[in-house]
*Asks:* 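Following this message is one structure expressed as structure tokens.
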Amino acid sequence: KNQVEQSPQSLIILEGKNCTLQCNYTVSPFSNLRWYKQDTGRGPVSLTIMTFSENTKSNGRYTATLDADTKQSSLHITASQLSDSASYICVVSASGTASKLTFGTGTRLQVTL
Amino acid sequence: NAGVTQTPKFQVLKTGQSMTLQCAQDMNHEYMSWYRQDPGMGLRLIHYSVGAGITDQGEVPNGYNVSRSTTEDFPLRLLSAAPSQTSVYFCASSYWGHVSYNEQFFGPGTRLTVL
């Protein structure tokens, strides 16, 4: 069964600090991996999409890494801001069919003063 | 562009009532889908459509119906609401070709409570 596991479940950091969120997956055959940011009460918004051949992808202060061999990904947030407080969802896509997106349960990040 | 819009934003139903959640997109996306999001669980696919007149079931389709008469609209109907359908519902759209390669755009969600 395809699964996506994220850790930690929640995280509190001080503004200005860096943090790294983890995603492990067992999805086959792998197509791509996505990170979404979901603000409270809003829909998810895409941060990055990474295919098998991409190891690192950045979007401003967000940097995602992918190790397709170990089936792990991380999302690194640099110099956190209060606006980074949100849930971050890892989504893995399997190739070959339209509906095969497997969603993680998310990491809830709170950035405080 | 407004992107993906959903109405209503909040809804309270009694058990057994029916209702339709509306979803529209103005990006000319072929692929549209409905998800539900429950605490402690990842988003789960309810139904999806790859174009007008074409729909298919996702992971949790029971108790829901969909239709796709136009490219822009993809309503989700609850036939007889049950407390287990209390959830936050998201509509999403993307270009077709293959959804797994295309970025999905999500609507703001509808929070549904069934008493």
Side-chain angles (χ1 to χ4, degrees), chain A residues 1-10 21 23-54 57 59 64 68 86-108, chain B residues 2-7 9-10 21 23 25 27 29-51 54-61 66 68 87-111:
Chain A
K1 180 181 179 181
N2 290 338
Q3 287 187 317
V4 174
E5 296 183 353
Q6 295 186 242
S7 62
Q9 191 171 11
S10 62
L21 314 180
C23 174
N24 296 338
Y25 63 92
T26 55
V27 174
S28 182
F30 176 83
S31 176
N32 60 67
L33 184 145
R34 311 158 184 229
W35 283 95
Y36 284 88
K37 178 186 180 187
Q38 184 177 20
D39 293 316
T40 301
R42 308 287 293 271
V45 175
S46 179
L47 293 175
T48 64
I49 300 176
M50 301 177 69
T51 61
F52 181 86
S53 60
E54 295 175 295
K57 202 160 193 179
N59 179 357
S87 286
Y88 292 84
I89 303 172
C90 178
V91 184
V92 182
S93 170
S95 58
T97 179
S99 61
K100 289 299 184 184
L101 292 178
T102 304
F103 289 77
T105 56
T107 292
R108 181 173 295 275
Chain B
V4 180
T5 58
Q6 292 183 236
T7 57
K9 193 166 181 60
F10 301 95
L21 279 63
C23 174
Q25 52 89 13
M27 296 174 281
H29 286 165
E30 302 92 340
Y31 182 89
M32 296 185 73
S33 55
W34 278 101
Y35 294 90
R36 59 178 289 171
Q37 186 175 41
D38 300 297
M41 302 184 72
L43 275 76
R44 292 182 292 169
L45 182 66
I46 303 172
H47 285 285
Y48 65 97
S49 168
V50 300
I54 306 170
T55 64
D56 205 346
Q57 297 181 350
E59 181 184 357
V60 288
V66 292
R68 184 93 178 271
S87 187
V88 181
Y89 292 85
F90 290 99
C91 179
S93 73
S94 70
Y95 287 110
W96 183 232
H98 200 295
V99 70
S100 62
Y101 294 100
N102 295 318
E103 180 178 355
Q104 285 209 41
F105 294 85
F106 285 84
T110 294
R111 184 174 294 273

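All values below come from the heavy atoms of this structure, side chains included, with hydrogens, waters and symmetry mates left out. Proteins come first, then strands; the chains are lettered A, B, ... in the order of their sequence lines, and each starts at number 1. As the structure is a computational prediction, the values presented were derived from the model and not from experiment.
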*Asks:* Could you tell me which non-hydrogen atom of B:Glu103 sits nearest to which non-hydrogen atom of A:Ser46, and how far apart they are?
*Replies:*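 In this case the closest contact between B:Glu103 and A:Ser46 is OE2-CB, 3.1 Å.
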*Asks:* Minimum heavy-atom separation for B:Phe90 to A:Gln38, with atom names?
*Replies:*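 Closest approach of B:Phe90 to A:Gln38, heavy atoms only: CZ-NE2, 3.3 Å.
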*Asks:* With a 4.5 Å cut-off on side-chain heavy atoms, are A:Leu101 and B:Gln104 touching?
*Replies:* yes
*Asks:* Could you tell me which of B:Met41, B:Gln6, B:Lys9 has the largest number of non-hydrogen atom pairs under 4.5 Å with chain A?
*Replies:*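 Most pairs with chain A among the choices: B:Met41.
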*Asks:* At a heavy-atom separation under 4.5 Å, does B:Glu59 approach chain A through its side chain, its backbone, both, or neither?
*Replies:* neither
*Asks:* Between atom OG1 of A:Thr102 and atom CZ of B:Arg44, what is the distance when rounded to the nearest 0.5 Å?
*Replies:* 13.0 Å
*Asks:* Using a cut-off of under 4.5 Å for heavy-atom pairs, which of B:Cys91, B:Pro39, B:Pro108, B:Gly109 has the most such pairs with chain A?
*Replies:* B:Pro108
